[in-house]
K.L.:
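Have a look at the structure that comes next, please.
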Amino acid sequence: MAKDLTSREDNYSQWYNDLVTKAGLAENSAVRGCMVIKPYGYAIWENMQAALDKMFKDTGHENAYFPLFIPKSFFSKEASHVEGFAKECAVVTHYRLKNDPNGGGVIVDETAKLEEELIVRPTSETIIWNTYRDWIQSYRDLPLLINQWANVVRWEMRTRLFLRTAEFLWQEGHTAHATQQEAIEEAEKMLNVYADFAENWMAIPVLKGVKSANERFAGAIETYCIEALMQDGKALQAGTSHFLGQNFAKAFDVKFLSKENKQEYVWATSWGVSTRLMGALVMTHSDDNGLVLPPKLASVQVVIVPIYRTEEQFEAITIKALEIKKKLEEKGIRVKYDNRDTHKPGFKFSEWEFKGVPVRLAIGPRDLENETIEVARRDTLEKESLQMLNIELKVEHLLEQIQKNLFQKALDNRTLNTFKVDTWAEFLVQIEKGGFLVAHWDGTAETEQKIKEETKATIRLIPLEQSTETGKCIYSGAPSKARVYFARAY
RNA sequence: CGGGGUGUAGCGCAGCCCGGUUAGCGCGCGUCGUUCGGGACGACGAGGCCGAUGGUUCGAAUCCAUUCACCCCGACCA
C-alpha cells in the first residue's frame with residue numbers, strides 16, 4: 001500500500017487524495033462533488049461526534065433537528081446572509097417525476113412545480129430562527145441552547161474529499177440570548193470548546209482569533225475562529241463560532257419580553273465544525289507511510305497480529321492474544337485482534353501501519369516461549385520487545401505518549417513555520433514558502449483585498465490576545481495597532 | 001463560467017496517428033499447492049457491448065460530428 005502512496009514532497013495534494021482513498025476513509029461518489037464516507041473514515045467521525053457531543057451537553061446544550069429544506073423566501077430575509085450563500089445553493093423546484101413518453105426513462109413532471117422553491121440547506125440559521133420566533137416569548141425562555149447534527153449542501157465549484165465537498169456532515173449550534181454580552185460569551189465559550197477539542201482530541205494545535213470583515217460569516221457581527229497549520233504550510237480553518245448580534249432576530253422578528261416588561265430582540269450565536277476536520281486530521285499527522293491517527297480518535301487503537309506457522313501455534317497465540325485484548329479493553333482501549341488467516345503478518349503490518357493504528361502488538365512462537373511481545377508505535381515507527389507482564393499498563397501509557405507526541409510535533413511544525421514579517425519584500429518571499437506570516441495590517445478591507453490579489457494570502461485571524469505592539473502596515477505603511485496572521489489557506 | 005486534459009476489466013495503463021478476424025499488460029480477484037517474525041511464490045482461471053449517440057466504411061476502440069462525465073489550473077468557498 002505505502003509503495004503506491006505519492007510522497008508528500010512529490011505532490012502534497014496527490015498524497016492527500018491517495019491517502020484518503022487508499023486508507024479507506026472516503027472516496028468520490030457517482031454524484032459530482034459528493035463523497036462516500038467509508039466505514040473506517042466514518043468510525044473516526046463518530047468518535048469526533050461523540051467527544052464533541054459530550055462537550056456540547058456539558059456546556060448546557062441540547063440536540064434537536066430542523067428540516068433539510070428551507071423555503072426560498074426565508075433566505076431573502078437577512079440580506080448579507082443570502083448574498084453569502086446564494087451562489088452555491090441547490091434548489092428543489094419540482095416534486096414529481098413521470099415516465100418519458102419518448103422512452104427516455106423518467107423525466108421531471110413539469111406540472112408538478114412547487115409554488116415556492118425549496119433550498120437544500122447550506123446552513124440552518126433561517127429555518128431555525130423562523131422556528132425560534134414561536135419558541136421565545138419571555139426572558140424566561142432564554143437562553144435557548146441548541147445544537148443540530150446534520151448534513152448541508154453547498155454547490156462548490158471545485159471539491160476535495162473532506163476539505164470541500166458539495167454535501168458535508170457537520171454540527172451547527174444555534175443559541176438565543178437575552179443580552180449582547182451573554183451571546184458574545186457564548187460564542188467565545190464555544191470557540192474554546194472547539195480549541196479544546198482540536199488540541200486535546202485531534203492533537204492539532206490551533207490559533208484562536210476573530211476574522212476580518214472580509215472573511216466574516218454572512219450575517220455575523222463577529223466571527224471567531226480556530227486556525228491550524230497543515231504540513232505543507234497552508235492554513236486550514238478548523239471551526240467557527242459567530243456572534244450574530246440581533247441580525248437574525250430582526251429578520252425573523254424574534255422578540256422577548258424582558259424583566260422590565262419591554263419588547264426586545266434576541267441576541268444570537270451560531271457555531272459549527274464539519275467533516276472537514278477529517279481532512280485536518282490527515283494533513284496534520286500523517287506521513288509517507290500512510291495515516292497517523294491520534295489514539296483518542298483512532299477507531300482501532302491497538303491491533304494484535306499473530307505470527308504462526310502451524311495450527312497449534314495459532315491456537316496457543318490466540319489464547320494469549322485474547323487474554324491481552326481483554327485486559328486492554330478493561331482499560332477502555334479499542335483493540336482489534338487480526339486473526340485473518342488469509343493474509344501474512346508482513347501484509348498485516350503494512351496494512352495497519354498504512355491505516356494509522358497507533359500501536360501494534362505482535363505475538364509469535366518466540367514470544368510465547370520468552371513471555372514477551374513486540375510493541376510498535378505508529379508515530380515514530382519504533383518497535384521493541386517488551387515483557388508480556390502488565391503489558392496493558394505499558395500500552396495505556398504508550399497511547400498517552402503518542403497522543404502527546406503528535407500534538408508536540410504539530411506544534412513544533414507550526415512554531416517552525418510562523419514568521420514575524422516586517423517588510424513587503426520579506427512577505428512576498430515568505431508567502432511562497434508557506435506558513436503563518438505575522439504582520440502589521442492597517443485594518444482596512446482595501447489593503448486586505450490587495451494583499452489577497454497579489455499573493456493569494458488572506459488574513460486567517462486577528463489574534464484574541466492582542467499584543468500592545470504598534471507598527472506600520474506591511475502593505476500600505478499606514479499605522480497599525482496589532483499584528484495579524486496571514487497565510488494561504490485551504 | 002474561462003484555459004488545459006482524460007474516458008478501454010475493480011484499479012492503473014498500452015493499443016488510436018496509419019481502420020482488418022479471438023482488444024492487450026501490470027496490480028487486484030478466484031482455485032490448488034508450497035509459504036508465514038515486514039507487503040510470498042508457482043500453476044491454472046474468471047473478468048470488457050473500448051463513456052454515450054449518430055455518421056463514414058465491406059469492416060470502427062481506431063476516422064468524423066454531436067453529447068455526457070470526470071480530472072487539473074483560475075474566479076467562489078467550512
Side-chain angles (χ1 to χ4, degrees), chain A residues 1-6 11 13-14 17-18 21-22 27-34 83-89 104 121-123 150-172 194 211 214-218 220 223 225-228 235-242 270-280 289-290 305-311 313-314 317 340-355 360-370 372-374 376 381 383 385 452-453 456 458 460 489-490:
Chain A
M1 280 181 157
K3 64 185 170 193
D4 300 326
L5 183 63
T6 309
N11 184 341
S13 75
Q14 184 70 45
N17 264 325
D18 284 359
T21 53
K22 289 180 179 167
E27 62 189 27
N28 280 311
S29 70
V31 185
R32 193 205 80 103
C34 296
E83 201 187 310
F85 287 104
K87 280 177 275 180
E88 49 188 41
C89 282
R121 64 180 165 217
T123 179
N151 57 339
V152 286
V153 168
R154 295 181 189 177
W155 215 260
E156 300 289 353
M157 296 293 185
R158 297 187 54 215
T159 60
R160 296 194 60 195
L161 294 169
F162 288 122
L163 297 173
R164 179 164 298 108
T165 45
E167 179 194 18
F168 55 97
L169 306 184
W170 77 345
Q171 59 68 217
E172 47 181 326
Y194 287 155
K211 287 291 184 193
N214 277 352
E215 301 281 326
R216 207 174 276 152
F217 175 76
T223 288
C225 65
I226 52 171
E227 289 279 331
L236 184 122
Q237 180 172 304
T240 49
S241 177
H242 315 290
S270 69
W271 28 274
V273 295
S274 71
T275 36
R276 178 178 235 205
L277 289 179
M278 294 286 295
N289 296 307
V305 177
I307 297 154
Y308 57 93
R309 212 175 290 233
T310 65
E311 194 61 28
Q313 285 174 338
F314 177 62
I317 289 164
R340 289 176 296 177
D341 60 0
T342 49
H343 296 277
K344 289 175 50 179
F347 179 91
K348 294 178 184 177
F349 287 176
S350 56
E351 183 178 33
W352 292 114
E353 191 168 292
F354 192 79
K355 291 195 146 201
R360 184 187 72 234
L361 303 176
I363 311 175
R366 282 207 302 271
D367 295 304
L368 281 191
E369 240 170 74
N370 306 327
T372 56
I373 188 164
E374 187 188 80
L381 295 172
K383 50 183 183 179
S385 191
K452 185 177 178 180
E453 280 164 18
K456 292 182 196 162
T458 49
R460 299 320 301 160
Y490 278 100

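Here is how names work: the chains are called A, B, and so on, in the same order as the sequence lines, proteins then strands, and each is numbered from 1. Note that the coordinates shown come from a computational prediction; the quantities given were computed from them, not determined experimentally.
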K.L.:
What is the base-pairing partner of B:G42, counting Watson-Crick and G-U wobble geometry with both distances under 3.5 Å?
P.N.:
B:C32
K.L.:
Taking only the C1' atom of each, what is the distance from B:C17 to B:G33 in whole angstrom?
P.N.:
47 Å
K.L.:
Is there a Watson-Crick or G-U wobble partner for B:G54 with both distances under 3.5 Å, and if so, which one is it?
P.N.:
B:C64
K.L.:
Scan nucleotides 5-11 of chain B against the protein and return all N/O pairs shorter than 3.5 Å with their distances rounded to 0.1 Å.
P.N.:
none

K.L.:
Quick one: look up who B:A23 pairs with, Watson-Crick or G-U, both distances under 3.5 Å, and put none if it's unpaired.
P.N.:
none
K.L.:
Taking the P atom of each, how far is B:C68 from B:C29, in whole Å?
P.N.:
38 Å
K.L.:
Give none if B:A75 has no partner; otherwise give the nucleotide forming a Watson-Crick or G-U wobble pair with it, both distances under 3.5 Å.
P.N.:
none
K.L.:
Assign A:S274 to base, sugar-phosphate, or nothing according to its heavy-atom contacts below 4.0 angstrom with the strands shown.
P.N.:
base
K.L.:
Starting at the 5' end of RNA chain B, which residue's closest nucleotide do you reach first, A:N28 or A:F217?
P.N.:
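The answer here is A:N28.
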K.L.:
So is A:R276 actually on top of A:F168's ring, under 6.0 Å and inside 45° of the axis?
P.N.:
no
K.L.:
Strictly under 3.5 Å: I want the nitrogen or oxygen pairs between protein and nucleotides 32-38 of chain B, one per line.
P.N.:
from, atom 1, to, atom 2, distance (Å)
B:C36, OP1, A:R309, NH1, 3.3
B:C36, OP2, A:R309, NH1, 3.2
B:C36, O2', A:Y308, O, 3.1
B:G37, O6, A:G364, O, 3.3
B:G37, O6, A:P365, N, 3.0
B:G37, O6, A:R366, N, 2.6
B:G37, O6, A:D367, N, 3.3
B:G37, N1, A:G364, N, 3.4
B:G37, N1, A:D367, OD2, 2.6
B:G37, N2, A:D367, OD2, 3.0
B:G38, N7, A:K383, NZ, 2.6
B:G38, O6, A:R360, NH1, 3.3
B:G38, O6, A:R360, NH2, 2.7
B:G38, N1, A:E353, OE1, 2.8
B:G38, N2, A:E353, OE1, 3.2
B:G38, N2, A:E353, OE2, 3.3

K.L.:
Specify the separation, in whole Å, of atom CD1 of A:I226 and atom P of B:A78.
P.N.:
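In whole Å, B:A78 P and A:I226 CD1 are 14 Å from each other.
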K.L.:
Pick the C1' atom in B:G30 and in B:U6, then give their distance to the nearest Å.
P.N.:
32 Å
K.L.:
Touch check for A:Q237, heavy atoms < 4.0 angstrom, all strands: base, sugar-phosphate only, or nothing?
P.N.:
sugar-phosphate
K.L.:
Would you mind pulling out the nucleotide paired to B:G59, Watson-Crick or G-U wobble, both distances under 3.5 Å?
P.N.:
none
K.L.:
Go ahead and name the base partner of B:A14; Watson-Crick or wobble counts if both distances stay under 3.5 Å, otherwise write none.
P.N.:
none
K.L.:
If the cut-off is 4.0 Å, is A:K87 near the phosphate of B:A75, judged by side-chain N/O to OP1 or OP2?
P.N.:
no
K.L.:
NA contact type, A:Y490, heavy-atom cut-off 4.0 Å: base, sugar-phosphate, or nothing?
P.N.:
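Here A:Y490 touches no strand at all.
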K.L.:
Mind checking the C1' distance from B:C13 to B:A23? Whole angstroms is fine.
P.N.:
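Comparing C1' positions in B:C13 and B:A23 gives a spacing of 14 Å.
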K.L.:
Do A:Y194 and A:L277 make a side-chain contact, defined as non-hydrogen atoms from C-beta onward lying under 4.5 Å apart?
P.N.:
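Side-chain contact under 4.5 Å: no.
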K.L.:
By the 4.0 Å heavy-atom rule, please label A:T21 as base, sugar-phosphate, or nothing.
P.N.:
nothing
K.L.:
Base, sugar-phosphate, or nothing for A:L236, non-hydrogen atoms under 4.0 angstrom?
P.N.:
nothing
K.L.:
Using atom CH2 of A:W155 as one end and atom P of B:A78 as the other, report the distance to the nearest whole Å.
P.N.:
18 Å
